[in-house]
Amino acid sequence: MAKLLIVEARFYDHLNDLLLEGARSAIEAAGHAHETITVPGALEVPGAIALAADSGRYDAYVALGVVIRGETYHFEIVAGESARGLMALSMDGLAIGNGILTTENEAQALTRAKKDEKDKGGEAAKAALAMLALQGRFAR
Ligand SMILES: Nc1c(NC[C@H](O)[C@H](O)[C@H](O)CO)[nH]c(=O)[nH]c1=O
Ligand SMILES: CC(=O)[C@@H](O)COP(=O)(O)O
């Protein structure tokens with residue numbers, strides 16, 4: 001049984017609850033365990049995963065959050081840099097699924113957060129598990 005850490009950027013409570021439901025359901029359906037930690041926003045997710053990885057306690061990581069465009073360039077920074085940070089960690093060999101939604105509005109986020117619609121939380125959890133399986137396949 002693998003142990004996954006879900007790192008959620010809790011910026012929109014109702015959307016995060018939906019993402020968490022999807023991610024947890026996918027992990028449990030695959031027969032694995034999970035823990036969840038919460039950070040303020042998407043920009044903190046990569047750093048939190050890096051800190052957790054140093055502990056050696058987890059086999060894979062699921063990043064969850066919602067970034068909705070506002071009036072300024074900050075959307076590009078938050079969306080782009082959180083994704084870049086996660087990609088860098090993935091390229092370092094961590095098994096990560098990215099479920100941080102980056103949308104133009106709340107309606108787009110809602111349909112992607114719902115487990116019975118686009119289920120991006122569950123999708124991210126399955127991606128993390130797929131990368132974990134690859135680790136096993138290529139283990140020296
Ligand atoms: N606007 C959103 C943010 N912004 C906050 C940043 O992620 C970060 O917490 C802050 O800049 C302090 O370092 N975060 C989201 O997750 N979603 C947003 O829509
Ligand atoms: C994605 C964001 O950072 C956004 O929510 C911030 O809104 P604004 O650009 O209007 O400050």
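In this chain, numbering begins with 1 at the start of the sequence shown. Just so you know, ligand 1 is whichever comes first in the structure, and atom 1 is the first atom listed for that ligand.
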Open item on the list: If we set the cut-off at 4.0 Å for heavy atoms, which region of Leu43 has an atom near ligand 1: side chain, backbone, both, or neither?
Closed with: both
TODO: Answer side chain, backbone, both or neither: which part of Ile77 comes under 4.0 Å from ligand 2, heavy atoms only.
DONE: neither
Task: Sole candidate of Val45, Ile49, Ile6 that passes side chain to side chain contact (heavy atoms under 4.5 Å, CB included) when paired with Tyr61 - done: Ile49
Task: Atom pair OG1 (Thr103) and CG (Leu110), whose distance is rounded to the nearest 0.5 Å - done: 10.0 Å
TODO: For the pair Asn16 (side chain) and Ala9 (backbone), establish whether a donor and an acceptor sit closer than 3.5 Å, ignoring hydrogens and angles.
DONE: yes
Task: For atom 5 (C) of ligand 1, the protein heavy atom that lies nearest, with its residue and separation - done: Phe11 CE1, 3.7 Å
Task: Closest protein heavy atom (residue, atom, distance) for atom 7 (O) of ligand 2 - done: Gly70 CA, 3.6 Å
Open item on the list: Can you confirm, on distance only, whether ligand 1 has an N/O atom lying under 3.5 Å from any N/O atom belonging to Val66?
Closed with: yes
Task: Which segment of Phe75 sits under 4.0 Å of ligand 1 when only heavy atoms are counted - done: neither
TODO: Would you mind checking which non-hydrogen protein atom is closest to atom 8 (C) of ligand 1, with the distance to 0.1 Å?
DONE: Glu44 OE1, 3.3 Å
Task: Pairing of Lys114 and Glu21 as salt bridge, 4.0 angstrom limit - done: no
Task: Carboxylate-amine/guanidinium contact Glu123 Lys120, below 4.0 Å - done: yes
TODO: Number the atoms of ligand 1 from 1 as they appear, then name those within less than 4.0 Å of a heavy atom of Tyr12, with their elements.
DONE: 19 (O)
Task: Protein contact of atom 4 (C) of ligand 2 - nearest heavy atom, named by residue and atom, plus distance - done: Ile68 O, 3.7 Å
Open item on the list: Can you give me the closest heavy-atom contact between Ala125 and Ile27, atom names plus distance?
Closed with: CB-CG1, 3.8 Å
Open item on the list: If you define the side chain from C-beta out and look only at heavy atoms, does anything of Leu89 sit under 4.5 Å from Pro46?
Closed with: yes
Task: Ala95 to Asp59 - nearest heavy-atom pair and separation - done: CB-O, 4.0 Å
TODO: Look at the side chain of Thr111 and the backbone N and O of Gln108, then say whether any donor-acceptor pair between them is shorter than 3.5 Å.
DONE: no
Task: Interatomic spacing from CD in Glu28 to CG in Leu4 - rounded to 0.5 Å - done: 11.0 Å
- [ ] Looking only at protein heavy atoms, identify the closest one to atom 8 (P) of ligand 2 and say how far it is in Å.
- [x] Glu71 N, 3.5 Å
TODO: Give the contacting part of Ile100 toward ligand 1: side chain, backbone, both or neither, where contact means a heavy-atom distance below 4.0 Å.
DONE: neither
Open item on the list: Just to confirm my output: which protein heavy-atom neighbour is closest to atom 11 (O) of ligand 2, and how far is it?
Closed with: Thr72 OG1, 3.7 Å
Open item on the list: Suppose I only count heavy atoms of Val67 and a 4.0 Å limit; which atoms of ligand 2 are within that range?
Closed with: 1 (C)
Open item on the list: Below 3.5 Å, N or O to N or O, backbone or side chain included: is there any such pair between His74 and ligand 2?
Closed with: yes
- [ ] Using distance alone, decide if ligand 1 has a nitrogen or oxygen within less than 3.5 Å of any nitrogen or oxygen in Ala42.
- [x] yes
- [ ] Give the numbers and elements of all ligand 1 atoms closer than 4.0 Å to a heavy atom of Gly41.
- [x] 7 (O), 9 (O), 14 (N), 16 (O)
